Amino acid sequence: MLRVCLRGVKASARKDCGRLRVIHLQQSRGYASGGSSSGASRVVFTGLLTVSGGIGGTVLYANWDPKFRAAVEKNVPYSDWLLGLALGPAPRDSGLPVRKRMESIQPPSMMEKQKKTSKVKSGKETAEPPAPESSQAAPSPSMQGKMMESIQPPSMMEKQKKTSKVKSGKETAEPPAPESSQAAPSPSMQEASAEATQIISAISEVQSVPAPCDSQAKGYHDVSFCPAAVSASLEDSLASTAQATLQAIGAQEAALQAITLHTDKLKEAMEAEAPSEEKSTQWKDLEAALADRTTSMSDAKAALLKANEALDALKGVIDSSKGLKVPAARPLVLAAEENLHRMMVDLDKVVSKVQSAESEAKIVAQYSELVREAKQQFQREVSSLTPEIQANWKGLAGKLSTDDLNALIAHAHRRIDQLNRELAEQRVREKVHIQAALEQQKLEDQRSLENAVSSALQHVKEEARLEQERKLAELREVIEAEMRTQLRRQAAAHTDHVRDVLKVQEQELRAEAEQVLSSKMLEQETRYRQLSQEQLDNFTLDMNAAYARLKGVEEAIDSHVEAEAAARKAHQLWLSVEALNYALKTAGAESPSMPLEDAAEAVRASCTDNDFASALASALPEESLKRGVYSEASLRARFNALRSLARRVALIDESHNTLYQYFLSYLQAALLFEKQQEAPPTQLRSEDLDPFKLLSYASYCLEHGDLELAAKLVNQLRGEARRVVEDWLTEARLTLETRQAASLLAAYANAAGLGSTQVP
Amino acid sequence: MSEKELGKKWDRCLADGVTKLGTGLGLGIVFSVLFFKRRTWPITLFSGAGLGMAYANCQNDLRSHYLPHRSQKQEL
């Protein structure tokens with residue numbers, strides 16, 4: 001019924017589902033039929049929109065971010081073409097400029113380094129010189145200072161800077177004082193003083209160098225012998241020459257000034273039309289200027305001579321110091337040479353200036369001479385013509401008479417004619433004169449040119465030589481430094497190598513030593529162990545032997561003791577068993593024996609350690625212990641009584657137990673006759689299981705004293721007969737058990753006793 | 001003693017039979033006198049009943065060992 005219901009439900013459900021599905025399909029079809037095309041088109045449209053939106057967004061972002069563009073071009077196959085179409089070519093320049101930058105970084109860095117070094121140099125150059133600077137002398141002391149630095153540590157350099165600054169400060173204080181005493185300060189004088197200070201500062205630097213150089217030389221042991229003497233001589237000579245040159249220059253300047261002054265004055269005097277007093281003052285000034293000029297010229301010449309001498313001496317000293325070939329003094333020598341050269345150059349310049357001024361003055365003097373001559377001649381002529389007129393005829397313009405005037409005019413005319421004639425003559429001889437003058441000029445020009453060229457050439461040669469020497473010194477120093485570093489490196493490498501080799505050797509030796517040590521130790525150990533092992537073994541053997549003997553002795557004694565104990569026990573057991581047997585025999589005719597408990601207890605007590613005996617003792621049934629057992633005779637008698645009863649109920653069993661059956665069985669018992677006693681066969685057959693037969697067999701056995709067999713036979717009874725003889729059977733069993741246990745115990749006790757008896 | 005049980009049972013049976021017979025007889029007599037106008041049949045009936053009861057009792061007693069409801073206790 002359930003299945004039917006289910007089937008019905010399923011069918012109804014199926015129907016409903018089918019209906020619903022149909023409705024849905026119809027509906028969807030309705031929708032689809034109405035807007036299926038719109039749905040598909042919508043899908044297509046949305047798809048296209050998303051794709052285009054994606055592409056547009058990618059293009060825009062690629063336009064904004066070149067990295068993204070690169071990534072897209074790398075990953076998507078034809079995107080580079082598309083992006084190129086849309087955005088134009090990719091900015092690949094970013095790669096090249098980077099590379100160029102990379103490349104350019106190195107040269108600028110190198111250039112920067114060079115610049116830096118040059119800047120440093122220039123900075124040093126600019127920083128070093130003291131306050132008063134002049135463009136000419138500035139590089140020289142700085143170069144000198146740089147060379148000093150190349151041999152000194154920076155601390156010394158700083159010290160030197162300070163000292164030089166201090167000294168130059170001092171020196172700047174000094175030179176203006178002596179300079180000012182000489183002549184009126186003028187720009188040229190200031191220039192000269194500046195140059196002097198430069199030179200002196202250079203000298204002071206040179207001075208400052210050797211002192212620390214001395215101490216350094218002692219510390220470094222670079223120089224074979226200290227160039228103190230050389231430097232001292234150099235500096236002395238330098239100082240003297242500097243002073244001399246200064247003096248010379250000063251004198252020359254003074255001379256120059258004097259010359260210029262004189263020429264200016266002369267010009268003034270010649271050209272100016274001043275009143276007589278001023279003229280006389282002018283002429284006096286002129287004479288004073290002339291005197292000044294002459295003195296200054298002589299001074300200048302003397303100073304020049306001295307300067308030249310000093311320069312020569314310096315040159316000699318320099319050559320001698322060069323000849324000594326002291327390496328540390330070379331820069332000093334170089335510096336001294338440079339100083340010398342500079343001084344010479346300055347001197348020459350000044351001398352040339354003076355010479356030019358002199359030549360100018362000469363011209364002016366000549367002109368003035370000419371003018372004077374002309375004036376004198378004119379005056380003579382005038383005086384010759386008009387002796388009455390006095391020297392200062394110019395003031396007598398109103399006092400002159402007409403004759404005088406006429407004479408004067410005539411003289412003037414005559415003079416004019418003469419001059420015209422001279423002029424014509426001059427014009428005629430113009431060309432000749434000009435040519436002669438040109439030639440003279442040419443010669444002079446050539447001479448001066450040659451002089452200038454030779455002097456310039458000399459200077460240039462000198463400069464080049466100095467430059468070369470400087471460069472050589474630099475190079476030498478650089479090479480020295482490099483060689484020192486290389487040597488140091490080599491030494492370091494050597495020490496490292498030696499250290500490594502030593503380490504290796506040490507390790508090897510240590511390993512060897514350890515090996516030897518370990519082997520020896522091992523030997524000793526093994527020997528020691530062997531000996532100890534031997535000792536142990538011997539000892540163990542002895543101990544074992546002694547122990548074994550002891551054990552043997554103990555065992556013998558123990559066995560003796562045990563044997564005696566066993567014998568005693570056996571005796572006891574036997575006695576107790578005998579007691580038990582006796583107790584068994586106390587059974588009366590109708591009464592059971594005495595309770596066997598005591599005897600059993602005695603037996604158990606005497607066989608506590610013997611499992612077999614204790615098992616046997618405990619195997620005695622409870623009833624026998626408590627109540628005792630019946631004897632065989634009583635059982636026999638009882639059986640005889642039982643027999644008739646059993647015969648009477650022979651037919652009764654489970655199924656046959658009505659009163660009628662009882663009656664029948666009674667009848668059978670009354671009518672059936674069997675043998676009183678019949679010997680039981682060895683094997684019972686099925687027809688022997690008849691109760692009557694069994695009873696006769698049992699009585700036979702009982703008569704012959706075989707309670708066991710009788711019990712076995714009686715055990716075969718079934719039904720009511722069995723129930724009747726049940727008690728008898730249990731009693732018989734009890735008796736049998738007890739007797740069996742007792743007999744076993746007796747046998748055992750006999751055996752134990754026999755066993756325990758020792759052979760004498 | 002198990003062999004004595006049978007004898008006891010027989011004794012009980014006899015005693016019971018005698019009792020029942022007597023009682024039946026008596027009752028029969030009583031009844032026949034009282035209710036049945038001294039007929040013989042109640043006497044015989046009752047005595048017969050009594051005898052029958054005795055017989056049944058005896059049989060039951062003798063087979064009591066073999067019956068389940070009592071033999072459970074006994075067999076234990």
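On a predicted model such as this, the values are computed, not experimentally measured, just so you know. Each chain gets a letter, A, B and so on, in the order its sequence line appears, and its residues count up from 1.
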Got a sec, which residues hit salt bridge (charged side-chain N to carboxylate O under 4.0 Å, His left out) with A/Arg647, two or more places apart in sequence or on another chain?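 Salt bridge (charged side-chain N to carboxylate O under 4.0 Å, His left out) list for A/Arg647, sorted by chain: A/Glu674.
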
Could you give the distance from CG (B/Asn60) to OG1 (A/Thr658), rounded to the nearest 0.5 Å?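 The CG atom of B/Asn60 sits 12.0 Å away from the OG1 atom of A/Thr658.
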
Could you grab the distance from atom CZ of A/Phe639 to atom CD of B/Glu3, nearest 0.5 Å is fine?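 Going from CZ on A/Phe639 over to CD on B/Glu3, the span is 11.5 Å.
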
Residue [X] versus chain B: region with a heavy atom under 4.5 Å:
| X | answer |
| --- | --- |
| A/Glu720 | both |
| A/Arg638 | side chain |
| A/Leu659 | both |

Quick check on B/Leu62 against chain A: is it the side chain, the backbone, both or neither that has a heavy atom closer than 4.5 Å?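 Both parts, backbone and side chain.
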
Side chain, backbone, both or neither: which part of B/Glu5 has an atom under 4.5 Å from a heavy atom of chain A?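 Looking at B/Glu5, just its side chain touches chain A.
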
Determine the option with the most heavy-atom pairs under 4.5 angstrom with chain B, choosing from A/Thr730, A/Val649, A/Asp653, A/Val725.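 Looking at each option in turn, the highest pair count goes to A/Asp653.
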
Atom [atom1] of [X] with >12 non-hydrogen neighbours under 6.0 angstrom:
| X | atom1 | value |
| --- | --- | --- |
| B/Arg12 | CZ | yes |
| A/Trp574 | CH2 | no |
| A/Glu654 | CD | no |

Is there a donor in the side chain of B/Gln59 and an acceptor in the side chain of A/Tyr660, or the other way round, less than 3.5 Å apart?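 No - no donor-acceptor pair under 3.5 Å links their side chains.
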
